[in-house]
Amino acid sequence: MYHDQGNYSPSYSSRPPSRPGSRGNGNNYGQYQDPMTETSQGLHPPNRLRVMTSMPNLSSRYDNSPVSSVSSRPRPLQPTSANPTSSTSGTTPKSLLNSALHFAGGLIPHPQESTKHHTILRHSPALIFYRGPKTSLAITIFSSPSHPLPPDRTLWLQQRGFSGDTGLKLKSLVGATSSWMDVTPSTQVKVSDLEPETSRAWERDISKASRKLSREMGPKAHVPRQTHVVRIPEAAEDGYFRLVLCVGGLASGSKRKTLCQSPVFRVASTSSDSSVLKGASLSTMPIEMGVKVASFMASNVVQRYAAPVVAVADRVRPGMIKEEVGKRAFKTVGKQVRNMNGPGSERDGTFYGFDTAGPGGDVMGMGTMGTMGMGGMVVGGEEGPEQPFPIKFQGRVGTGTGRGRMELGMPTTNLVDVPGDIKVNLRGVYFGWACVLPGRGVDPAIIAENCWYEAVIMATKSAYASVIAETDIKVYLAHEFGDGVRFTDAKMKVIVMGFIRPEVQPAQGTVASVQDRLEMASQDVMVTMASLGRENWGPDMTLDRLKTAKSSRSLGDKFNDARTKVQRTVEKVPVHGVGIRTFGGEERDRIHGTGGYWVAR
Ligand SMILES: Cc1cc2nc3c(=O)[nH]c(=O)nc-3n(C[C@H](O)[C@H](O)[C@H](O)COP(=O)(O)O)c2cc1C
Ligand SMILES: Nc1ncnc2c1ncn2[C@@H]1O[C@H](COP(=O)(O)OP(=O)(O)O)[C@@H](O)[C@H]1O
């Protein structure tokens with residue numbers, strides 16, 4: 001702790017968990033909930049004829065009037081944020097979009113398509129609202145017992161009515177010459193990694209589809225093999241798509257062979273979009289009515305939330321994202337670290353006596369390991385943090401699980417509402433300073449204002465399967481606040497000063513023993529205390545430095561700063577959640593990579 005006489009004395013006494021609870025929802029947009037996850041209690045899709053004829057009565061149908069829900073299973077799209085306890089009425093963007101989603105989603109009556117040996121079942125509704133880099137589609141692949149899925153199976157996104165700008169973008173993004181885009185999910189996860197509500201909904205879909213397949217093709221003609229959550233790249237824009245299951249065609253260099261295709265689906269944002277009817281056929285026409293309804297309702301409401309920000313964003317649009325991304329020194333440093341085979345990685349392995357897991361796939365930037373002096377106890381040089389550190393951000397204290405407190409005697413704060421770029425770029429164990437802001441959840445007698453504590457910051461693989469590679473951020477403050485003290489919901493500022501080590505992931509299906517975790521944790525705390533105890537590593541000096549770095553910038557740089565700020569604001573406004581496309585989708589695609597995940601059945 002800084003400006004305090006208290007000694008650090010970790011308490012390792014075991015106490016029972018007092019409040020087991022959930023983690024943050026992994027949503028970058030704070031409290032905002034994904035409209036797609038709220039459909040489970042939503043509206044019963046009106047009958048087909050009404051779709052075509054009821055448009056003039058929309059306002060009376062959707063303005064404030066709760067409409068009774070007859071049934072509807074959850075429509076899983078986003079396993080990290082399923083929230084079945086939602087309202088079905090009102091004029092919030094989400095409830096309006098829900099209505100529209102059900103309104104339109106029930107209209108295309110082909111949730112599965114089969115060939116002789118393969119079936120693709122679509123779990124997601126036919127109408128998928130754009131939700132930024134997390135736009136995704138869930139399917140389950142079935143195949144006949146004689147045709148298990150080959151390991152080199154691939155999934156491709158094919159746009160119907162593919163042309164114009166979108167075509168060019170897709171091509172430039174994948175460097176391909178055709179309109180097919182490889183969207184094979186990058187990560188395999190276990191069923192236990194899935195959000196339970198979502199998992200159950202998929203299982204219900206699978207049982208229903210299995211029964212239908214048995215009736216139509218004979219008992220057990222096709223059996224479930226894999227469920228895929230495919231990330232729909234932003235470059236795909238609005239329009240009609242289907243997924244095509246193939247074998248070969250990637251690095252293997254072999255020719256791509258089509259096995260089966262998914263039912264068609266529609267990706268729609270609420271931006272005014274001339275491609276609305278592109279790719280639509282007679283059988284999909286009704287859905288367009290739904291989309292129009294949704295756009296009409298959502299854009300009216302969303303305008304109030306997002307219009308000012310989007311307007312500003314549009315003015316500063318050119319090149320902004322490039323600058324933003326270019327400024328991410330993380331990337332370069334991350335690469336350096338990844339290239340550091342040899343001394344650095346060996347040190348981590350032996351230092352903690354574990355096999356260390358490096359950053360996965362597309363995760364950028366682990367930060368810098370600095371130099372280890374003083375018998376391996378400090379990170380970084382005497383002159384203070386090295387680029388890209390210090391990195392400052394803020395989050396909110398979420399609910400804990402009680403596990404760390406009980407098992408290690410070390411409670412850790414699960415930080416939620418952390419900016420998306422932090423969750424995407426940090427991966428591993430870091431050290432720095434943290435300050436709990438006065439206000440909600442904070443007893444001023446226990447936590448003084450403006451008090452910076454030495455902190456271990458853990459950016460670990462997200463607890464639930466997620467469409468893009470994000471981390472959960474946990475903070476351990478090197479201070480004993482007393483028995484059972486919590487500051488849930490408080491705001492916390494964090495300054496990351498340096499990188500200690502990659503996260504240690506024990507072998508799949510196992511957890512590190514309490515003793516090993518305690519060993520790692522106490523080593524981290526010691527490195528943190530020793531490193532931050534040096535002259536140029538204090539919080540005040542760091543804050544001054546951060547300020548000076550800003551004030552010594554040229555006017556041009558400052559202008560860039562301002563633009564970055566606008567960009568951040570845009571990213572924070574839940575525009576993606578309500579289906580508005582902002583600029584920079586392609587850059588985001590590059591950052592997030594193919595994304596997606598799959599489970600074996
Ligand atoms: C400073 C610190 C570092 C830790 N590092 C690791 C680690 O690398 N791997 C691991 O499996 N557990 C590690 N742990 C232990 C778990 O993260 C611990 O069980 C966690 O605090 C429990 O929180 P949770 O229930 O929210 O997951 C560490 C704990 C602390 C306090
Ligand atoms: N030294 C500390 N570091 C971080 N959080 C602390 C500390 N002391 C108390 N807390 C509080 O305790 C909570 C975590 O404890 P708990 O809910 O038992 O979860 P866990 O055991 O999962 O870490 C934090 O959210 C925070 O409010």
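Predicted model only: the values in this text are computed from it and were never measured. For ligands, and for the atoms within them, numbers begin at 1 and follow the listed sequence. Because only heavy atoms are used, hydrogens play no part in the values below, and waters and symmetry mates are left out as well, while side chains stay in.
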Atoms of ligand 1 close to [X] [distance to a heavy atom under 4.0 angstrom, numbered from 1]:
X    : value
D524 : 1 (C), 2 (C), 3 (C)
G404 : 21 (O), 22 (C)
K474 : 23 (O), 24 (P), 26 (O), 27 (O)
T401 : 24 (P), 25 (O), 26 (O)
V456 : 1 (C)

Taking N or O atoms only and a 3.5 Å limit, does F487 qualify as a polar contact for ligand 2?
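N/O-N/O distance under 3.5 Å: yes.
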Measure R405 to ligand 1 on non-hydrogen atoms and call it side chain, backbone, both or neither using the 4.0 Å cut-off.
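No part of R405 is near ligand 1 at this cut-off.
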So for V525 against ligand 1, with non-hydrogen atoms under 4.0 Å, the contacting part is neither
Under a heavy-atom criterion of less than 4.0 Å, does D472 contact ligand 1?
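So D472 does not count as touching ligand 1.
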Heavy atom of N414 under 4.0 Å from ligand 1?
yes
Please confirm whether R403 comes within less than 3.5 Å of ligand 1 when only nitrogen or oxygen atoms on both sides are compared.
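Between R403 and ligand 1 (N or O atoms, distance only) the closest approach is under 3.5 Å.
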Nearest-0.5 Å distance, CG of residue L437 to CD1 of residue I447
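L437 CG to I447 CD1: 10.5 Å, rounded to 0.5 Å.
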Any chance you could measure L518, atom CG, to Q523, atom CD, to the nearest 0.5 Å?
11.0 Å
[X] contact mode with ligand 2 (heavy-atom cut-off under 4.0 Å):
X    : answer
V397 : side chain
R403 : backbone
H479 : backbone
F481 : side chain
V475 : backbone

Does a donor on one side chain and an acceptor on the other come within less than 3.5 Å for T154 and T184?
no
Any side-chain donor-acceptor pair under 3.5 Å between R231 and T135?
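R231 vs T135: no donor-acceptor pair found between side chains.
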Residues that D544 engages under salt bridge (charged side-chain N to carboxylate O under 4.0 Å, His left out), provided they are two or more places apart
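Salt bridge (charged side-chain N to carboxylate O under 4.0 Å, His left out) check on D544 returns nothing, list empty.
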Among [options], whose heavy atom sits nearest [atom]?
atom                    : options                : value
atom 14 (N) of ligand 1 : M410, Q523, E407, R517 : R517
atom 6 (C) of ligand 1  : M458, R501, E519, E503 : R501
atom 26 (C) of ligand 2 : L408, T413, D483       : T413
atom 1 (N) of ligand 2  : T401, L477, V442       : L477
atom 17 (O) of ligand 2 : R486, M492, M410       : R486
atom 19 (O) of ligand 2 : P411, G402, G404, A434 : G402

Thinking salt bridges, do [X] and [Y] make one under a 4.0 Å N-O criterion?
X    : Y    : value
D205 : R122 : no
E203 : R200 : no
E503 : K461 : no

Would you mind listing which atoms of ligand 2 come within a distance below 4.0 Å of any non-hydrogen atom of V485?
9 (C), 10 (N), 11 (C), 12 (O)
Side chains of V496 and L426: does their closest heavy-atom pair fall under 4.5 Å?
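Touching, per the 4.5 Å side-chain cut-off.
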Do Y430 and I391 touch side chain to side chain, with heavy atoms closer than 4.5 Å?
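Y430 does not reach I391 side chain to side chain.
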For the pair F487 and F481, name the ring-plane relationship: parallel under 30°, tilted 30 to 60°, perpendicular over 60°.
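Answer is perpendicular, since the angle exceeds 60°.
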So ring-ring contact (aromatic ring centres under 6.0 Å, His included) across residues 404-429, not counting sequence neighbours, yields none
Would you kindly check if the NZ (Lys) or CZ (Arg) of R153 is within the cone defined by 45 degrees around the ring axis of W598 and under 6.0 Å from the six-membered ring centre?
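Output yes; distance and angle both within limits.
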Pair D417-K491, salt bridge (charged side-chain N to carboxylate O under 4.0 Å, His left out): steps then yes or no
CA-CA 10 Å; D417 301 349; K491 294 267 162 53; over 6 Å; no
